Amino acid sequence: MSFSLEVPRMRRDEFRLLRDLVNERSGMHFDDDSIYVVERRLRERARAVGAPDFSAYYHYLRFHPRGAEELEEAIDALVTNETYFFREEYQLRAFRDDVLPRLHEQAARANRRRIVVWSAGCSTGEEVYTLAILLLESGLFDGWDVRVFGNDISRRVLAIARRGVYPPHSFRAMPAQYERYFERAPKGRRVIDPVRRLCQFGHFNLLERERSSILGRVDAIFCRNVLIYFDLASRKKVIESFYERLLPGGYLMLGHSESLLNVSTSFELAHLSTEMVYRRPAASASLLPPRVSRQEGGP
Amino acid sequence: MIDDDGSSGRAAPAPAFSEPPSADPERSPTRLRALLAHSEWRVRKAAAQRVASHLGEPEIVEMLVEALLAADDVGLRNAAIEAFSLASERDAPRVAAALVGALEHAAPAACKFIAAALVGGGEHGVAALLGLARDADAMTATAAVEALAELARRGLRSDRIRETLEQAVGHAEPLVRLAALEGLEAMSVAVPSSHLRDALNDPLTRSAALAVLAHGRDVDGLALMFRFLQRGGELRHAAAALLRRARAARANADEIPVWTGALGRLDDDAVEALAAALREGAPEDARALARLALDAGALRLLPAIAELGARVELDPETRAALFELGPRALEPLEAVVHERSLDAPEVARWALEAAIEIASVFGSQDARSRLEHLAVEFQPTVGDVVLPSEPQLPHDSLDPAALRDHLTDEDPERRRAALDLAASVDDVDAFEVVVLACTDEDEAVRVAALRAIRRVRAPERVGQGIAVGLAALDDAAGAVRTEAMQTLSSLDPSLDRVPVQTLVRSLADPDLRVVLATLRALGSAAATVRADDELAGALERLLWRADPAIAREALFPLDTHAVASDESRVIEALGHPHWSVRLRAAELLARTTSLSRRARAAVEARRACEEHDLVRDALASFPSGGAP
């Protein structure tokens, strides 16, 4: 491969090839208008591997022995990993005030002193730790087996998540009452051990159903601002796997701009005091609000 | 002090060299020459050493050259050669120059003596020796090759010496071949096994060739070494060579399957030879071989490994490999206690402590109690044995809470280490965190998690463990998929719960380690698993498309439970293009107690056309029935 400092503009055919490859491997989708965004974000990667143009970069991703590794880097570059503690706080409030008591009740009824929450597409981990803090704060699960699991497709962000040290801008939306869950660290603030202890991280793509089955059944899933990157078919697969992972009566929390509209699903809408979320139907409907399901052309 | 009682009875010939008038009489060339020609060999030997310290003096060198070329006096000549060979580095250039100069006018019959003496010229004589190694006279060539070999033994390394020695391995004269092999061995050169075939087939040079193979890097060479170990004839040398090769094994992934396969199939003589090698070999080599043997589950070598463990400290990896054997190791270790408590109590104690440590984690309470009683019973001979109240592992890595803490650490090494040290994962908390660790972004952590799952004992966890293993077969990393297959085989030895499609897919995995792990799993499972048509087809394809090392593993022992496709495959393998596969097939058929008519016909047909010596030998060992 010849090395060039300047990678020429991305052509449409190159964009389609790269887009399809990323979609094939990760389920993520970029529409035609995204060509400039994709070009900007991948230019640095192309330079990093010495590709003279995007065709060569595509070839590298496809056939080079390090291609799979580089594809991960490319996907990492394409995805906006921006997150912070207590993001979309109104939804977290509803989770704390409405969902957690219901989960506590469901588990206690089943004689189960255990709660597992999955942050699907956890990026740098702020959401995982946020959920763990909320679980501790609720006081409902003292002496219970509490676990919060976060997964992501990017090794880089998972390494940050594990480190648990964050710069000031990660705390921009965090209410002051939660300061005590952090301690000073050389490069920011670190999540304290009692919170870290509840959290575990894993590396897999949400489309990998077999891998996600390793989680077993969970009480709640947070998947916020992740599905927007998937095309419709991939989104459907991911939602189906979420359904499989949830215990009956378990909750699915999506980003405020996301919904299960246009996705056939067996989820029901659950009305909370300030919010509407999705839920896998429970075995017994006696304490549940009336079922409202939205299915496109469904039964 | 060199004595001269004047009893030689031989008249010293008049010296042709010059003699400085003021020389110390005791150091005069004449005097020294007389001593070199003494009838008593001890005097000659001492004289040679004295002369060697004077090789800075031209007249002494001149005298020695003359003595070297003295036609009639063998003793004098040999003493001169010895004196030259003892030349210091400082004197080497002078010695080389003198000898090379002598070559120009020496009679052809004297060239071999000059060649032998050129050892003393060090690197300054190499050019002349390289020329002499190609001499038409076999004795001159022999002497030159021997001299080059001696220089190699003394640490002189050069590509030209190596090339000359490699060429000399094919010399018509057996002594030249032998000298060349000894030189190559001294240089620790990796010679392709194909170059050594003839030398291995010759009883005179076989042991030297095996020693050279110890430095080799090709898998065929390793297979040959095991062949000699298993067929006898040079057991001791083959075992010693394998011991030296063990240390390099970990760096060559292609070799591991051969080690594992062969070490898992040793017969009594091979076990004894390897045990002796472990006893006698250098500690680092012995540790490496012990590690390979433990990884291969070669339980028959446990007694020798116990001896090694009692003699030298085993490294942590080797200890972990012993630990990983689990309950299988208990019986052999107990046997060591019984057999060695009198003649080697330290070995018995080591074995007992290892058994107790393993039993305390993997064994039942009965096993642990039995071993503790053994410790009391043998206390008078083996002394006090440490009885752990809990597994001897770092305490903060044992309980589930501590394990969970470690698994949240940002350092993947710590996460991996915590999983390696997690003694038991039956506790529901421990099991779950270990299961989640199977999705860790670090490959080594995922491998360690799968390995930890193998330690599950509670029946309700076994099913979950199998589900995790099946999911892990989709992992992007070959090492993880390999570990997944090993975990499945460990938790479900019969492979009842592993779909056939999964096994077929694993047999076609691009990573040969996965293929090998699957073959091992199939080898341990009941033969009926392999009766499935699709699986049999996949095994057939492996036989003809895969690396010979893999093809060999696709042939299973033909015991009484073997299925028809197993036998068919072995019979077909007799016609495989690679000799090692044909050899494996012949060995398997030889071990069968009764051959089918079809198998016998195949053996006969192959015997008539087989060209490879080792395979021919194996086929020749067939009596009319089956096993030799």
Side-chain angles (χ1 to χ4, degrees), chain A residues 25 65 67-69 71-72 76 112-114 116 118 122 125 128-129 132 144-165 185 190-218, chain B residues 399-416 418-419 427-446 449-450 453 460-461 463-478 480-481 484 487 499 502 505 510-511:
Chain A
R25 299 291 169 85
E69 233 174 283
L71 185 56
E72 262 194 41
D76 195 32
R112 182 169 49 91
R113 288 170 62 84
R114 180 189 141 92
V116 182
W118 176 17
C122 68
V128 176
Y129 294 122
W144 283 43
D145 177 15
V146 176
R147 291 168 205 262
V148 184
F149 181 81
N151 80 289
D152 202 277
I153 198 175
S154 163
R155 284 188 172 88
R156 183 185 63 82
V157 300
L158 284 173
I160 295 171
R162 285 189 195 277
R163 214 170 294 134
V165 176
R190 185 180 179 274
V191 179
I192 62 172
D193 286 347
V195 176
R196 291 169 67 91
R197 207 165 278 142
L198 305 182
C199 306
Q200 204 162 346
F201 297 94
H203 173 253
F204 58 86
N205 188 327
L206 289 175
L207 287 172
E208 293 176 280
R209 219 149 162 162
E210 289 280 351
R211 305 264 284 163
S212 64
S213 72
I214 285 176
L215 298 183
R217 293 295 190 92
V218 301
Chain B
D399 66 270
L403 175 63
R404 209 164 143 174
D405 276 350
H406 283 293
L407 286 179
T408 63
D409 199 296
E410 62 175 296
D411 182 354
E413 264 304 303
R414 284 177 170 261
R415 299 199 299 275
R416 184 201 54 76
L419 287 161
D427 175 273
V428 63
D429 278 349
F431 186 73
E432 291 210 354
V433 297
V434 169
V435 163
L436 288 177
C438 292
T439 65
D440 197 287
E441 66 273 21
D442 187 275
E443 180 184 313
V445 175
R446 298 201 299 281
L450 284 163
I453 287 175
E460 61 272 24
R461 304 270 170 267
Q464 290 167 286
I466 291 172
V468 170
L470 288 170
L473 283 176
D474 279 331
D475 197 285
V480 176
R481 297 197 301 277
T487 296
T502 300
R505 208 180 55 208
D511 190 318

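Just so it is clear, the model here is predicted, and its values are computed rather than measured. Residue numbering restarts at 1 for every chain, and letters A, B, ... go by the order of the sequence lines.
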B:Thr408 side, atom OG1; A:Asp193 side, atom CG - distance, nearest 0.5 Å: 7.0 Å
Among the listed options B:Asp474, B:Leu436, B:Val468, the residue most often paired with chain A at heavy-atom distances under 4.5 Å: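 If we count pairs closer than 4.5 Å to chain A, B:Leu436 comes out on top.
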Selection from B:Val435, B:Val445, B:Asp405 maximising heavy-atom pairs under 4.5 Å formed with chain A: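 Of the options given, most contacts go to B:Asp405.
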Residues that B:Gln464 engages under side-chain hydrogen bond (donor to acceptor under 3.5 Å, both in side chains), provided they are two or more places apart: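 Partners of B:Gln464 under the side-chain hydrogen bond (donor to acceptor under 3.5 Å, both in side chains) test: B:Arg461.
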Counterpart residues, side-chain hydrogen bond (donor to acceptor under 3.5 Å, both in side chains), relative to B:Asp442 (two or more places apart):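 Per chain and number, B:Asp442 pairs via side-chain hydrogen bond (donor to acceptor under 3.5 Å, both in side chains) with no residue.
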Enclosure of B:Arg414 CZ (heavy-atom neighbours >12, cutoff 6.0 Å): no
Salt bridge A:Asp145-B:Arg404, side-chain N to carboxylate O under 4.0 Å: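 Yes, this pair counts.
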Lys/Arg-Asp/Glu bridge criterion (N-O < 4.0 Å) met for A:Arg114, B:Glu432: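 Yes.
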Salt bridge (Lys or Arg N to Asp or Glu O under 4.0 Å) evaluation trace for A:Arg155 with B:Glu441: CA-CA 6 Å; A:Arg155 284 188 172 88; B:Glu441 66 273 21; over 6 Å; no
Heavy-atom donor-acceptor pair, A:Arg211 side chain to B:Ala472 backbone, under 3.5 Å: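 Such a contact is absent between A:Arg211 side chain and B:Ala472 backbone.
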Interchain contact, B:Val433 with chain A, by part (heavy-atom threshold 4.5 Å):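 Contact with chain A involves both backbone and side-chain atoms of B:Val433.
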Top contributor to chain B interface from A:Glu208, A:Gln200, A:Arg162, A:Arg196 [non-hydrogen pairs under 4.5 Å]: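 The residue among A:Glu208, A:Gln200, A:Arg162, A:Arg196 with the greatest pair count is A:Arg162.
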Closest non-hydrogen atom pair between B:Thr439 and A:Phe201, with its separation: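 That would be OG1-O, 4.3 Å.
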